[in-house]
Amino acid sequence: MKLEGKNVGFAITGSFCTFAQIKEEIKKLVEEKANVIPIFSYNAQSTDTRFCNAKEYVKEIEEITGNKAILTIADAEPIGPKNLTDIMIIAPCTGNTLAKLYHGITDTPVLMAAKSHSRNKKPLVISVSTNDALGMNFKNIGGLMAVKEIYFVPFGEDNPKGKPKSMIAYVKDIIPTLEMALDGVQIQPIVK
């Protein structure tokens with residue numbers, strides 16, 4: 001109920017294997033009466049995979065939310081100046097996006113949306129999905145955890161033997177993480 005009436009920026013990057021789960025969480029947010037504003041990275045909006053057709057997925061998310069997706073850097077930039085979001089989540093958040101976010105690179109609609117939203121010191125939630133979380137991206141995750149307005153959906157190893165550096169967020173924890181982040185609290189434990 002805490003999300004009722006809130007403007008939730010929901011930024012989607014290219015961890016395509018999580019798209020079906022992400023769609024279900026977006027439906028739950030809409031059921032909770034949140035106004036969900038979808039934002040897509042260039043790869044998420046244009047890359048067809050065995051998991052989905054990109055254009056159809058964007059259209060489905062637009063239909064679920066009742067909002068036109070933000071698909072360009074130019075359309076993402078006004079989020080902060082116009083104060084369009086109360087909270088934002090990047091889910092899934094790839095290792096590429098993690099690294100760029102940590103280093104201040106804004107070359108996709110998702111990264112511009114996050115930068116623009118963050119200027120208002122409102123919560124930004126990260127839902128990790130990367131094969132390199134315990135590798136080169138470990139330092140980026142740690143660096144982002146130190147930023148006051150950034151919160152993480154709890155995450156853990158998804159395949160320790162087959163992909164020993166891979167970690168993925170527990171998507172079912174997205175809504176509780178968002179609710180706590182609105183109060184300035186990081187849900188615990190972060191790593192399960």
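Nothing here was measured: the structure is a model prediction, and the numbers come from that model.
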Taking all heavy atoms of [X] and all of [Y], pick out the closest pair and write down the distance.
| X | Y | value |
| --- | --- | --- |
| Pro109 | Gln45 | CG-NE2, 4.2 Å |
| Val153 | Ala169 | CG1-CB, 3.9 Å |
| Ser127 | Ile89 | CB-CD1, 4.4 Å |
| Ser129 | Ser15 | OG-OG, 2.6 Å |
| Met180 | Gln186 | CE-O, 4.4 Å |
| Asp48 | Ala54 | OD1-N, 2.7 Å |

In short, ring-ring contact (aromatic ring centres under 6.0 Å, His included) pairs touching residues 74-104 with sequence neighbours left out are none
Same cluster for Phe40 and Val125 if Ile/Leu/Val/Met/Phe/Trp/Tyr side chains link at under 4.5 Å? yes
Are Ile22 and Leu98 connected into the same hydrophobic cluster when the rule is that any two of I, L, V, M, F, W, Y join if their side-chain heavy atoms are below 4.5 Å apart? no
Any donor-acceptor pair under 3.5 Å from [X] side chain to [Y] backbone:
| X | Y | answer |
| --- | --- | --- |
| His117 | Leu84 | no |
| Thr106 | Leu111 | no |
| Gln21 | Val171 | no |
| Asn67 | Val36 | yes |
| Lys122 | Thr85 | yes |
| Asp86 | Asn7 | yes |
| Glu32 | Leu3 | no |
| Glu62 | Ala69 | yes |
| Thr94 | Thr97 | yes |
| Asn137 | Gly95 | yes |

Please list, chain by chain and in numerical order, all residues satisfying side chain to side chain donor-acceptor pair (under 3.5 Å) with [X], sequence neighbours excluded.
| X | value |
| --- | --- |
| Thr72 | Asp75 |
| Glu77 | none |
| Lys27 | Glu24 |

Linking Ile, Leu, Val, Met, Phe, Trp and Tyr through side-chain heavy atoms less than 4.5 Å apart, which residues share a cluster with Met112? Tyr42, Ile73
Rounded to the nearest 0.5 Å, how far does [atom2] of [Y] lie from [atom1] of [X]?
| X | Y | atom1 | atom2 | result |
| --- | --- | --- | --- | --- |
| Ile26 | Leu29 | CD1 | CG | 7.5 Å |
| Asn53 | Glu60 | CG | CD | 9.5 Å |
| Ile79 | Ile39 | CD1 | CD1 | 4.0 Å |

Phe16: what forms a ring-ring contact (aromatic ring centres under 6.0 Å, His included) with it, not counting sequence neighbours? Phe19
So if I apply the side-chain hydrogen bond (donor to acceptor under 3.5 Å, both in side chains) rule between Ser166 and each of Asp158, Asn159, Thr130, which one comes out positive? Asp158
Would you call Lys28 and Glu31 a salt bridge, taking side-chain N to carboxylate O under 4.0 Å as the test? no
